[in-house]
Amino acid sequence: MRADLLFDPVDGLDEALAAVDAFDAVLVAGLLRPQPEQAAGVVELADAVSGTPLAARVAEAADKAVAGTAGEDHFVALAAARAALLGSVHDALTARVAEAVGRPVAEEAAPAGAVGAGHAANLLAAARSWLSDLARAGWQGIDHELVGGAAPVVSAMLPDPALRRQATLLDGFAAELAASCPGAALERIPVRRWADLWSRALLLTLPGATGAPAADTATGRLLPLGIDVQEHATAVQAQVHAVFEPADGTAPRLVRAAASAPKPDTVVGAGLWQLLRPHLSLLAAAGEGRSMDLDAMPVTAEGDLIWDDAHARTGEPADAFVTARVALPAATASATAPLDRHPARIAVPVLLEGYEAEQDDEGTAFLVAGHRLAVDTDRIPAAGPLTAEAVAASGACVALLRWDAGTFHVQPLAVERTVRRKAVAVHAGAWAGGTADKAGVRAEKAATGAVDALRERAGRLLRK
């Protein structure tokens, strides 16, 4: 990997992010009675897209917002301009990563077919109305009455599978806002995050925004690289990153498969795997270091496997580091869906070797070709044996290359370290299929007790 390319400036990136930041600052105080500094932020966003097809609509929206008379359509235009700028940042960074790792840039995917939502148009309009009220009030103006306006909309959306994506986003966003009320008392506001959630939610209310995934089928061999675990207080997700080798001999490609589950806050550490294993047999194969043979497994144009155990069976042993050294360099990435083009979504599997690991007050980092590449050890899950100490003692690493706060960094999925003159691999998802490790066994037992107790309590409530 040409690490030097990851540290070279990207033309136009700072200007695009500055325009996004300027608009995000506008949402802090809201657009009910915009002040001169807020008007400048809206105008800066409009100027940033002045040479694009969005120019006329965004310019009109900016004028209305500055005058304090913006309607739903104007807020949608401003959200689209913001999303377009972040999408351009995503594309520029993705191209830079492809150049650094020597892989071809993914081709644009064919647009997905729109899902009809005629019967749900009123619910989408209600969601837009609530999001528009948020923009007028601003994050400093939120209160429980305003935030509570999302509840009936979410309740009406949830029973409809076609609207569950929007409902989940609105529900989570409203919960974050409710936990922060009143906004006027907030000492710190997650400006970028709330603006991301607001603009994404607003664009997802447009008819046809959530198109049906353009699905194909995959037949061939799946070689896992590692497991990325994302845990929250009430939910957990495990995403397996892998190289897929088609049976017809065409070029290998990068794919993902994920399982999610709700969880009680008492289930932590290795106990998470009990919640996830029933949903994805691939977790056991990845944890045991084995491949899987796929037969007509559904896969989207974005490279996400729509997992069905009926289309998979466990294959031969497959070492992740062998896969990373042999198959990964030739694997092509899939295109990113338009609404998913955001720099926070960048997660590119890479193999790092020949680096020097160091730990200091700034954290852990790899020195690669004279450059300091930060390591995000906070993303290492407690549900596995991989630790920050193992990363610091490693000589090779399979990781996800990410971008945040203006720089690239890596999230380790597995490392190789030398123990008694032998290379030993340590994987973040090593306990996914079960473990004999003492710490893992204790966590599994604790989780079993917690889950059994909750099921027993739930049964008693249902019997009443």
Side-chain angles (χ1 to χ4, degrees), residues 19-20 22-34 38-39 41-46 48-49 52-87 114-143 145-157 160 162-163 165-174 176-177 183 194-211 338-339:
V20 171
F23 179 73
D24 291 355
V26 170
L27 294 177
V28 173
L31 284 163
L32 184 60
R33 298 180 182 87
Q38 292 173 280
V42 176
V43 171
E44 185 172 346
L45 178 72
V49 297
T52 73
L54 290 171
R57 295 192 63 177
V58 176
E60 177 188 352
D63 290 341
K64 295 292 185 180
V66 168
T69 58
E72 292 176 14
D73 290 345
H74 302 123
F75 288 126
V76 168
L78 294 173
R82 184 183 184 278
L85 286 174
L86 288 171
V115 176
H119 69 287
N122 59 326
L123 294 179
L124 296 175
R128 279 196 301 278
S129 177
W130 178 73
L131 291 163
S132 297
D133 288 342
L134 281 183
R136 295 185 183 99
W139 313 133
Q140 292 177 333
I142 60 172
D143 55 30
E145 182 180 356
L146 173 59
V147 173
V153 181
V154 171
S155 297
M157 281 183 167
D160 188 343
L163 297 177
R165 182 181 181 187
Q166 295 96 320
T168 302
L169 177 55
L170 287 173
D171 191 33
F173 187 22
E176 283 196 25
L177 295 174
W194 283 359
D196 279 343
L197 293 173
W198 175 82
S199 58
R200 183 173 179 81
L202 196 53
L203 293 176
L204 286 177
T205 65
L206 298 178
T210 54
L339 286 182

Peer 1: Of all the heavy-atom pairs spanning H74 and A61, show the shortest one and how long it is.
Peer 2: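 Residues H74 and A61, closest heavy atoms: O-CB, 3.4 Å.
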Peer 1: Using side-chain heavy atoms (C-beta onward) and a distance below 4.5 Å, is L204 in contact with L170?
Peer 2: no
Peer 1: side-chain contact (heavy atoms from CB on, under 4.5 Å), that's the test. Do L86 and D196 meet it? Break it down for me.
Peer 2: CA-CA 10 Å; L86 288 171; D196 279 343; 3.7 Å; yes
Peer 1: Of the non-hydrogen atoms in A65 and L78, which two are nearest, and what is the gap between them?
Peer 2: CB-CD1, 4.2 Å
Peer 1: What is the minimum heavy-atom distance between G41 and V26, and which atoms define it?
Peer 2: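 So the two residues come closest at CA-CG2, 3.9 Å.
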Peer 1: Where is the tightest heavy-atom contact between A174 and V147, given as atom of each residue plus distance?
Peer 2: O-CG1, 3.3 Å
Peer 1: Charged N to carboxylate O under 4.0 angstrom, D73 versus R57?
Peer 2: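 Judged by the 4.0 Å cut-off on N to carboxylate O distance, D73 and R57 do not form a salt bridge.
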Peer 1: Can you check whether L146 reaches L177 side chain to side chain, under 4.5 Å on heavy atoms?
Peer 2: no
Peer 1: Within the distance-only criterion (no hydrogens, no angle test), does the side chain of R136 pair as donor or acceptor with the backbone N or O of A70 below 3.5 angstrom?
Peer 2: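 Checked: pair present.
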Peer 1: Hey, could you give me the CG/CZ distance between L203 and R128, rounded to the nearest 0.5 Å?
Peer 2: 11.0 Å
Peer 1: Quick one: CG on L134 to CG on L31, what's the gap to the nearest 0.5 Å?
Peer 2: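 Between atom CG of L134 and atom CG of L31 there are 12.0 Å.
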Peer 1: Ring-plane angle category for W198 and F23, please: parallel below 30°, perpendicular beyond 60°, tilted otherwise.
Peer 2: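 Tilted.
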Peer 1: How long is the gap from CG on L32 to CG on D133, to the nearest 0.5 Å?
Peer 2: 10.0 Å
Peer 1: Is any side-chain heavy atom of L124 closer than 4.5 Å to one of M157?
Peer 2: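 The answer is yes, as the side chains (C-beta and beyond) meet within the 4.5 Å cut-off.
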Peer 1: Would you mind reporting whether F75 and L202 have side-chain heavy atoms less than 4.5 Å apart?
Peer 2: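 When only atoms from C-beta onward are counted, F75 and L202 do touch, with a gap below 4.5 Å.
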Peer 1: Between S129 and A125, is there a donor-acceptor pair closer than 3.5 Å when you use the side chain of the first and the backbone of the second?
Peer 2: no
Peer 1: Looking at side-chain heavy atoms only, is the closest gap between W194 and D24 below 4.5 Å?
Peer 2: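 They are not in side-chain contact.
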Peer 1: Could you tell me which non-hydrogen atom of A126 sits nearest to which non-hydrogen atom of V153, and how far apart they are?
Peer 2: CB-CG2, 4.0 Å
Peer 1: Shortest non-hydrogen contact from W139 to A195?
Peer 2: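 Closest approach of W139 to A195: CZ2-N, 4.1 Å.
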Peer 1: Could you walk me through whether Q38 and V42 pass side-chain contact (heavy atoms from CB on, under 4.5 Å), step by step?
Peer 2: CA-CA 6 Å; Q38 292 173 280; V42 176; 5.7 Å; no
Peer 1: Could you tell me if the side chain of Q166 sits less than 4.5 Å from the side chain of L123, heavy atoms only?
Peer 2: no
Peer 1: Assess the residue pair T168 and D171 against the criterion (side-chain contact (heavy atoms from CB on, under 4.5 Å)); give the C-alpha distance rounded to whole Å, side-chain angles, the decisive distance to 0.1 Å, and a yes or no.
Peer 2: CA-CA 5 Å; T168 302; D171 191 33; 5.7 Å; no
Peer 1: Can you tell me if R82 uses its side chain to pair, donor with acceptor, with the backbone of S199 under 3.5 Å?
Peer 2: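 No.
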